[in-house]
> 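Shown below is the structure under consideration.
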Amino acid sequence: MERQAYEELKELQNTHWWFVAKREIICSMVSKYSKKLLHKSKKEIQILDAGCGMGVLLHALSRYGQVKGMDADAEAAVYCNHIMGQKAVLQGELPDKIPYKEQSFDLIVSADCLEHIKDDYAALCAMRKLLKEGNSFLVLTVPAFMSLWSYNDEFVHHYRRYNRKQLISLAQKAGFHVQLCSYYNFWAFPAVFIIRKMKNLFHIRKDDLGVGGGKTAL
């Protein structure tokens, strides 16, 4: 992402309703799957936040097991380690610059990361290899609907947006068994659709990091 985007995220991620709501949704899914994992094994769950950015999820995920992080941006990794008080985050990049061994994790969370990767199929395959064989889970969120494409997507270096059918097909091709795939915060879609179409129409080159609208969660 642009450096400005990271700076804005530092300010927004802990207070803005969009990030708070997304964090709660993700944590509800992690809580559900962590209970299933603990039922199978009494060992501490190993969790990876793949594409952790400025670390909005790290502390929240630590409630459910031992958390590690990975991000392509070196400064983001340093910032995350500072807020975590330990070297829990390593610089790394999907699909082929991964600092962790295969089959290291029981659960991977990848929140709004896949759309930043040119080869999204290879990235999903790489995450599949990082998961332990058998009872393991991936919780994934991505931006939805190419109809919402705007300067904001360019500003944060997106390659694409997804719909539910596309994401399910891609995940299955990568070897995942999809248990749930749905849209969330969909109520914001009409307003965001109008705002972004107006920006596109009038060539308004301004990001809207704080504005949500149409995400799909796996």
Side-chain angles (χ1 to χ4, degrees), residues 21-53 55-72 77 80 84 86-117 119-144 162-185 215-218:
K22 183 175 71 173
R23 184 163 62 246
E24 291 302 314
I25 291 168
I26 291 172
C27 284
S28 70
M29 300 301 297
V30 171
S31 177
K32 173 184 175 181
Y33 295 134
S34 64
K35 289 176 182 176
K36 291 184 179 182
L37 290 166
L38 285 172
H39 180 71
K40 296 287 184 179
S41 173
K42 300 302 180 182
K43 296 180 180 179
E44 188 175 28
I45 296 170
Q46 301 298 308
I47 302 171
L48 173 67
D49 186 351
C52 58
V56 64
L57 284 171
L58 291 174
H59 276 299
L61 293 175
S62 66
R63 291 179 287 177
Y64 308 103
Q66 184 176 358
V67 180
K68 299 292 185 180
M70 178 177 74
D71 198 85
C80 289
M84 291 293 287
Q86 55 182 307
K87 293 184 178 180
V89 177
L90 299 178
Q91 185 180 8
E93 188 173 358
L94 293 166
D96 53 9
K97 296 179 181 178
I98 301 171
Y100 299 106
K101 294 181 181 179
E102 294 183 3
Q103 298 189 41
S104 293
F105 299 99
D106 300 291
L107 193 151
I108 294 176
V109 173
S110 183
D112 296 0
C113 173
L114 195 65
E115 66 276 8
H116 295 276
I117 302 169
D119 192 342
D120 52 358
Y121 168 69
L124 280 172
C125 289
M127 285 190 279
R128 181 70 187 86
K129 291 178 181 179
L130 285 170
L131 287 167
K132 296 177 182 178
E133 290 294 334
N135 197 37
S136 57
F137 299 93
L138 169 66
V139 177
L140 176 75
T141 68
V142 295
Y162 299 81
N163 62 41
R164 184 174 179 272
K165 183 178 179 180
Q166 290 169 335
L167 190 59
I168 290 175
S169 177
L170 187 66
Q172 290 175 335
K173 183 181 177 183
F176 288 96
H177 171 67
V178 180
Q179 294 191 8
L180 172 68
C181 185
S182 65
Y183 297 104
Y184 69 88
N185 284 345
K215 298 263 181 168
T216 186
L218 175 63

> Could you tell me whether the side chain of Ser169 and the main chain of Gln166 form a donor-acceptor pair under 3.5 Å?
no
> Quick one: pull up CG in Leu170 and CG in Leu124 and give me the separation to the nearest 0.5 Å.
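So the gap between those two atoms works out to 5.0 Å.
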> Please assess Met29 against Phe137 for the test side chain to side chain contact (heavy atoms under 4.5 Å, CB included), listing each intermediate value before the final yes or no.
CA-CA 10 Å; Met29 300 301 297; Phe137 299 93; over 6 Å; no
> Check for a donor-acceptor pair, side chain of Arg164 on one end and backbone N or O of Cys181 on the other, with a separation under 3.5 Å.
yes
> When you measure from the side chain of Tyr64 to the backbone of Lys32, do you find a donor-acceptor pair of N or O atoms at a distance under 3.5 Å?
no
> With sequence neighbours left out, what residues match Lys97 under side-chain hydrogen bond (donor to acceptor under 3.5 Å, both in side chains)?
none
> Using modelled atom types only, decide if a donor and an acceptor are shared between the side chain of Ser104 and the backbone of Leu130 within a distance under 3.5 Å.
no
> Check side-chain hydrogen bond (donor to acceptor under 3.5 Å, both in side chains) between Gln46 and all other residues, then give those that pass, not counting sequence neighbours.
Gln66
> Keeping Tyr33 on the side-chain end and Ser136 on the backbone end, is there a donor-acceptor pair under 3.5 Å?
no
> Between Asp106 and Lys43 (salt bridge meaning N to carboxylate O under 4.0 Å), is one present in this structure?
no
> So, for Cys52 and Leu58, which heavy atoms are closest and what is the spacing to 0.1 Å?
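Scanning both residues completely, I find the closest heavy atoms to be CB-CD2, 4.4 Å.
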> Between Ser31 (side chain) and Ser28 (backbone), is there a donor-acceptor pair under 3.5 Å?
no
> Atom NE2 in His116, atom CD in Glu93: separation rounded to 0.5 Å?
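His116 atom NE2 to Glu93 atom CD measures 11.5 Å (nearest 0.5 Å).
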> Decide if atom NZ of Lys132 counts as having more than 12 heavy atoms of other residues, nucleotides or ligands within a radius under 6.0 Å.
yes
> The criterion is ring-ring contact (aromatic ring centres under 6.0 Å, His included); which residues satisfy it with Tyr121, sequence neighbours excluded?
none
> Any chance you could measure Leu140, atom CG, to Phe176, atom CZ, to the nearest 0.5 Å?
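Answer rounded to 0.5 Å: 8.0 Å.
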